[in-house]
A.B. asks: 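I'd like to ask some things about the structure below.
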Amino acid sequence: MRPYIEVIGESRYLETVQKYVADINIIVWTNRTKIPLNEVTILRNLCIESLLSNGLEESELKEAGIDVRERSLNRRKIRQEARHKIIVSCSDISRLIQAVSTLEKLFKKPRYSFTLDMHQPVFATTLEVKEQAKKAAIKNACYHAKLLAESANTNIKNVIQIEELSPIFGESEIHSDELKNIVATTTSSKVDANYRNLENAVREITLRYRVSFGITSHSEDTIRLNSADFD
């Protein structure tokens, strides 16, 4: 087997949030034996109308179905709970927050509530940025290979193999905890009007390639050069 040297080349690039994704869970409960399916469906329709009337597009809303639960409060009381979920996907976080804040007026009854669950957003960057990062990772591998080869008194000859490794995704620090009763913190229309837009969050992606290079010793190269004089 021919001698070789193997290194891992790395490069990094940034991805920016392109879409924010959240679950709106509409909750209706009752202590009666009857399941509040009709109530939660009506409330769901009113929520959709409110969201569409306050900045969101129909293409940004997705149906996520209904869930019915029975909970025992004690030996005598049983709570019937119906939940309907709507998925919101929006590129503008201010539009999302402002639209969701308008739902407050629909949840006046104590038996009505909703939660907003933020998911990991959709990150993206341009194809050009990704391609440049790939080239930079291979150049980084070549640099390290040459450095190690010189230390071992050898020369880099050719590339034997390139293997793409799994990328490393850096922390984005996006808030994704469940926000209970968000309406309690978005009751003022003045807050909505003065909502200040900031730059979208970013995360760092580390590309990695395992590259194998063929190597030759300085003495072998010298022999080849000398023998060429007699050809």
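This is a predicted model, so every value here is computed, not measured. Heavy-atom basis, side chains included; hydrogens, waters and symmetry copies ignored.
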A.B. asks: Would you name the heavy atoms of I8 and H144 that are closest together and state the gap between them?
C.D. replies: O-CD2, 4.5 Å

A.B. asks: Taking atom CD1 of I5 and atom CZ of F213, what is their separation to the nearest 0.5 Å?
C.D. replies: 8.5 Å

A.B. asks: Residues two or more places apart in sequence or in another chain: which of them pass side-chain hydrogen bond (donor to acceptor under 3.5 Å, both in side chains) with S50?
C.D. replies: T102, K105

A.B. asks: Does E39 reach the side chain of Y112, with side-chain heavy atoms less than 4.5 Å apart?
C.D. replies: yes

A.B. asks: Please tell me if the side chains of E81 and I27 come closer than 4.5 Å, counting only heavy atoms from C-beta onward.
C.D. replies: yes

A.B. asks: So that I can tick it off, tell me whether K130 and E128 are bridged by a salt bridge, with the cut-off set at under 4.0 angstrom between side-chain N and carboxylate O.
C.D. replies: no

A.B. asks: Could you report the tightest heavy-atom contact between W29 and P110, atom names first, then the distance?
C.D. replies: NE1-O, 3.6 Å

A.B. asks: Could you pull out the closest heavy-atom pair between A133 and L207, with the gap in Å?
C.D. replies: CB-CD1, 3.6 Å

A.B. asks: Grouping I, L, V, M, F, W and Y whenever their side-chain heavy atoms are under 4.5 Å apart, do I205 and V129 come out in a common cluster?
C.D. replies: yes

A.B. asks: I'd like to know if L147 and V211 are part of one continuous hydrophobic network [Ile/Leu/Val/Met/Phe/Trp/Tyr, side-chain heavy atoms within less than 4.5 Å].
C.D. replies: no

A.B. asks: Taking all heavy atoms of V40 and all of A82, pick out the closest pair and write down the distance.
C.D. replies: CG2-O, 3.7 Å

A.B. asks: At their closest point, which heavy atom of A201 faces which heavy atom of F123, and how far apart are they?
C.D. replies: O-CE2, 3.9 Å

A.B. asks: Got a second to check how far I156's CD1 is from E150's CD, nearest 0.5 Å?
C.D. replies: 9.0 Å

A.B. asks: Side-chain donor-acceptor pair under 3.5 Å between E10 and T206, yes or no?
C.D. replies: no

A.B. asks: How would you list, by chain and number, every residue that makes a side-chain hydrogen bond (donor to acceptor under 3.5 Å, both in side chains) with N45, sequence neighbours excluded?
C.D. replies: none

A.B. asks: Would you say T154's side chain and A149's backbone share a donor-acceptor pair under 3.5 angstrom?
C.D. replies: yes

A.B. asks: Side chains of I86 and I26, heavy atoms from C-beta outward: is any pair under 4.5 Å?
C.D. replies: yes

A.B. asks: Contact between K134 and Y209 at the side-chain level, heavy atoms closer than 4.5 Å - yes or no?
C.D. replies: yes

A.B. asks: Would M118 and I93 satisfy side-chain contact (heavy atoms from CB on, under 4.5 Å), going step by step from the backbone distance to the final call?
C.D. replies: CA-CA 11 Å; M118 295 299 296; I93 189 66; 4.2 Å; yes

A.B. asks: Below 30° counts as parallel, above 60° as perpendicular, anything between as tilted: where do the rings of F114 and F107 land?
C.D. replies: tilted

A.B. asks: Among all residues two or more places apart in sequence or in another chain, which pass the side-chain hydrogen bond (donor to acceptor under 3.5 Å, both in side chains) test with D67?
C.D. replies: R69

A.B. asks: List the atom pairs, donor and acceptor, that lie under 3.5 Å between side-chain atoms in residues 55-62 and the rest of the protein, sequence neighbours left out.
C.D. replies:
{"from": "E60", "atom 1": "OE1", "to": "E57", "atom 2": "N", "distance (Å)": "2.9"}
{"from": "E60", "atom 1": "OE1", "to": "R95", "atom 2": "NH1", "distance (Å)": "3.1"}
{"from": "E60", "atom 1": "OE2", "to": "R95", "atom 2": "NH2", "distance (Å)": "2.8"}

A.B. asks: Is V28 close to R111 at the side-chain level, that is, under 4.5 Å between some pair of heavy atoms?
C.D. replies: yes

A.B. asks: Does some side-chain heavy atom of C47 sit less than 4.5 Å from a side-chain heavy atom of L106?
C.D. replies: yes

A.B. asks: If you measure from SG on C142 to CD1 on I138, what distance do you get to the nearest 0.5 Å?
C.D. replies: 7.0 Å

A.B. asks: Over all heavy atoms of both residues, which pair between L37 and T41 is shortest? Give the atoms and the distance, please.
C.D. replies: O-OG1, 2.8 Å

A.B. asks: In terms of hydrophobic clusters joined by side-chain contacts under 4.5 Å, are I48 and L46 together?
C.D. replies: yes

A.B. asks: Does a side chain donor of either Y13 or Q132 reach within less than 3.5 Å of an acceptor in the other side chain?
C.D. replies: no

A.B. asks: What residues, two or more places apart in sequence or in another chain, satisfy side-chain hydrogen bond (donor to acceptor under 3.5 Å, both in side chains) together with Y20?
C.D. replies: N200

A.B. asks: Indicate if L52 and V21 have the same hydrophobic cluster label, given that clusters are the connected sets of ILVMFWY residues with side-chain heavy-atom separations under 4.5 angstrom.
C.D. replies: no

A.B. asks: If you round to the nearest 0.5 Å, how far is NZ of K19 from OG of S89?
C.D. replies: 4.5 Å

A.B. asks: Do the side chain of S11 and the main chain of A136 share a donor and acceptor less than 3.5 angstrom apart?
C.D. replies: no

A.B. asks: Any non-hydrogen side-chain atom of V202 less than 4.5 Å from a side-chain atom of V17?
C.D. replies: no

A.B. asks: Transitively linked via ILVMFWY side-chain contacts under 4.5 Å: V122 with L116?
C.D. replies: no

A.B. asks: More than 12 non-hydrogen atoms from neighbouring residues, nucleotides or ligands closer than 6.0 Å to CZ on F169, yes or no?
C.D. replies: yes

A.B. asks: Please check: side-chain N/O of Q18 versus main-chain N/O of T16, any donor-acceptor pairing under 3.5 Å?
C.D. replies: yes

A.B. asks: For the CG atom of L165 and the CZ atom of R210, what is their distance to the nearest 0.5 Å?
C.D. replies: 5.0 Å

A.B. asks: Under 4.0 Å between a side-chain nitrogen and a carboxylate oxygen: does that hold for R203 and E171?
C.D. replies: no

A.B. asks: Show your working on salt bridge (Lys or Arg N to Asp or Glu O under 4.0 Å) between R44 and E63 and close with a plain yes or no.
C.D. replies: CA-CA 10 Å; R44 171 254 190 198; E63 179 63 62; 2.4 Å; yes

A.B. asks: Do I24 and L51 come close enough that some side-chain heavy atom pair is under 4.5 Å?
C.D. replies: yes

A.B. asks: Which residues pass the side chain to side chain contact (heavy atoms under 4.5 Å, CB included) test with D23, sequence neighbours left out?
C.D. replies: N25, K85, I87, D117, H119

A.B. asks: Does the distance from a Lys or Arg side-chain N to an Asp or Glu carboxylate O, for E163 and R208, drop under 4.0 Å?
C.D. replies: no

